[in-house]
Student: 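Before anything else, here's the structure in question.
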Amino acid sequence: MTNDSGKKKLIVFGAGGRVGRAVVAEARARGYGVTEAGRADGNVTSAADVARLAAGHDAAVVAVYDAQAVPGEFFPAVGRALAAGLPRAGVGRLVVVGLASVLATEAGAPLMDTPGYPQEWRGFCVGHAAGTEALRAAAPAGLDWAVLSPAGDFGEGPEAGAGARGYAFAAAEAASRITHADFARAVVEEATAPTRHAEHAGVGPV
């Protein structure tokens, strides 16, 4: 499945958010065909809707959340819908945008469990992690998936390497900052030429 230029076609669920917009821009700059999918197009917790929207694409990128939903219910439902719907549509590669807070540090503990890390959004973070586990449990062998998140957070100033157009995979580090553009570069490259498989990987600046 390719577009007229012979390049791959991607569908981006959550294309209206800041990360989604950056991924769409990066993919189009590389000449890939891109379909932007938002809430008005279908329900990402429905395998039938996922399959309908994803048909005809090579890879899917997912950067979604629902402020009105219970995180511990919403994200696992998304994971199960992707695991069922994408193979039905013939999509073999999935990249989900995750959270640094549940990424492992060099010492092995999730970032949110390190001393001094803010805890006010812990419920949301735990729900996100449950979504990854639901995906892991439900994904068939034919679905090659990965979760990518910033190693720390996003930042657009010089301290984040703005304009460097570079990234590196890294363990969680609270002080790490990466631009949305460089993070999108990692997402698009993993969607089209995978190197990370069935894991949550952090992305930091070079």
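Bear in mind the structure is a predicted one, so any value in this text is a computation, not a measurement. Along the sequence shown, the residues carry numbers beginning at 1.
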Student: So with a 6.0 Å cut-off around OH of Tyr65, is the heavy-atom count from everything else above 12?
Tutor: no
Student: If you define the side chain from C-beta out and look only at heavy atoms, does anything of His200 sit under 4.5 Å from Val96?
Tutor: no
Student: State, yes or no, whether a side-chain contact exists between Leu82 and Val62 at a heavy-atom distance under 4.5 Å.
Tutor: yes
Student: Which atom names give the shortest non-hydrogen contact between Ala27 and Val188, and what distance separates them?
Tutor: N-CG2, 3.9 Å
Student: Do the side chain of Arg88 and the main chain of Ala51 share a donor and acceptor less than 3.5 angstrom apart?
Tutor: no
Student: Is the shortest heavy-atom distance from the side chain of Leu10 to the side chain of Asp58 under 4.5 Å?
Tutor: no
Student: Can you confirm whether Phe13 sits close enough to Glu36 that some side-chain heavy atom of one is under 4.5 Å from a side-chain heavy atom of the other?
Tutor: no
Student: Which atoms form the tightest heavy-atom contact between Val91 and Ala59, and what is the distance?
Tutor: CG1-CA, 3.8 Å
Student: Using a cut-off of 6.0 Å, state whether more than 12 heavy atoms not belonging to Glu120 lie near its atom CD.
Tutor: yes
Student: Roughly how far, to the nearest 0.5 Å, is the CG atom of Asp153 from the CZ atom of Arg177?
Tutor: 4.5 Å
Student: Ring of Phe169, cation from Arg196 - is the NZ or CZ under 6.0 Å from the centre and inside 45° of the axis?
Tutor: yes
Student: To the nearest 0.5 Å, what is the distance between OG on Ser101 and CD on Gln119?
Tutor: 9.5 Å
Student: Under a 3.5 Å distance rule, please check whether His128 uses its side chain to pair with a backbone N or O of Val126 as donor and acceptor.
Tutor: no
Student: From Trp145 CH2 over to His197 NE2, what is the distance, rounded to the nearest 0.5 angstrom?
Tutor: 11.5 Å
Student: Gly79 and Leu135: which non-hydrogen atoms are nearest, and at how many Å?
Tutor: O-CD1, 3.7 Å
Student: How close do Val61 and Ala191 get, heavy atom to heavy atom, and via which atoms?
Tutor: CG2-CB, 4.2 Å
Student: Can you name the nearest heavy-atom pair linking Cys125 to Val102, along with the distance?
Tutor: O-CG1, 3.4 Å
Student: Listed by chain and number, what are the side chain to side chain donor-acceptor pair (under 3.5 Å) partners of Glu189, not counting sequence neighbours?
Tutor: Arg30, Tyr167, Arg185
Student: For the residue pair Leu53 and Thr35, establish whether any side-chain heavy-atom pair is separated by less than 4.5 Å.
Tutor: no
Student: Answer yes or no: is there a side-chain heavy-atom contact under 4.5 Å between Lys9 and Val34?
Tutor: no
Student: How many angstroms lie between CG in Leu103 and OG in Ser176, if you round to the nearest 0.5 Å?
Tutor: 10.0 Å
Student: Without swapping roles, check the side chain of Thr179 against the backbone of Asp182 for a donor-acceptor pair under 3.5 Å.
Tutor: yes
Student: Heavy-atom distance under 4.5 Å between the side chains of Leu94 and Leu143, does that happen here?
Tutor: yes
Student: Output the distance between atom CG (Asn43) and atom CG (Asp66), rounded to the nearest 0.5 Å.
Tutor: 9.0 Å
Student: Do Glu190 and Arg93 meet the salt-bridge criterion of a basic N to acidic O distance under 4.0 Å?
Tutor: yes
Student: What orientation do Phe154 and Phe183 show, parallel under 30°, tilted 30 to 60°, or perpendicular over 60°?
Tutor: perpendicular
Student: Below 4.5 Å, heavy atoms only, C-beta onward: do Phe74 and Val64 meet side chain to side chain?
Tutor: yes
Student: State the OG-CG distance between Ser149 and Leu99, to the nearest 0.5 angstrom.
Tutor: 7.0 Å
Student: Provide the closest heavy-atom pair for Ala100 versus Pro150 in the form atom of the first, atom of the second, distance.
Tutor: CB-O, 3.1 Å
Student: Let me see the working for Phe124 and Phe75 under ring pair (Phe, Tyr, Trp, His ring centres under 6.0 Å), right down to the final yes or no.
Tutor: CA-CA 9 Å; Phe124 181 82; Phe75 290 111; 5.4 Å; yes
Student: Flag this pair as yes if the NZ/CZ of Lys7 is under 6.0 angstrom from the six-membered ring centre of Tyr32 and inside a 45 degree cone about the axis; otherwise no.
Tutor: yes
Student: Checking Glu173 now: which residues fulfil side chain to side chain donor-acceptor pair (under 3.5 Å) with it, not counting sequence neighbours?
Tutor: none
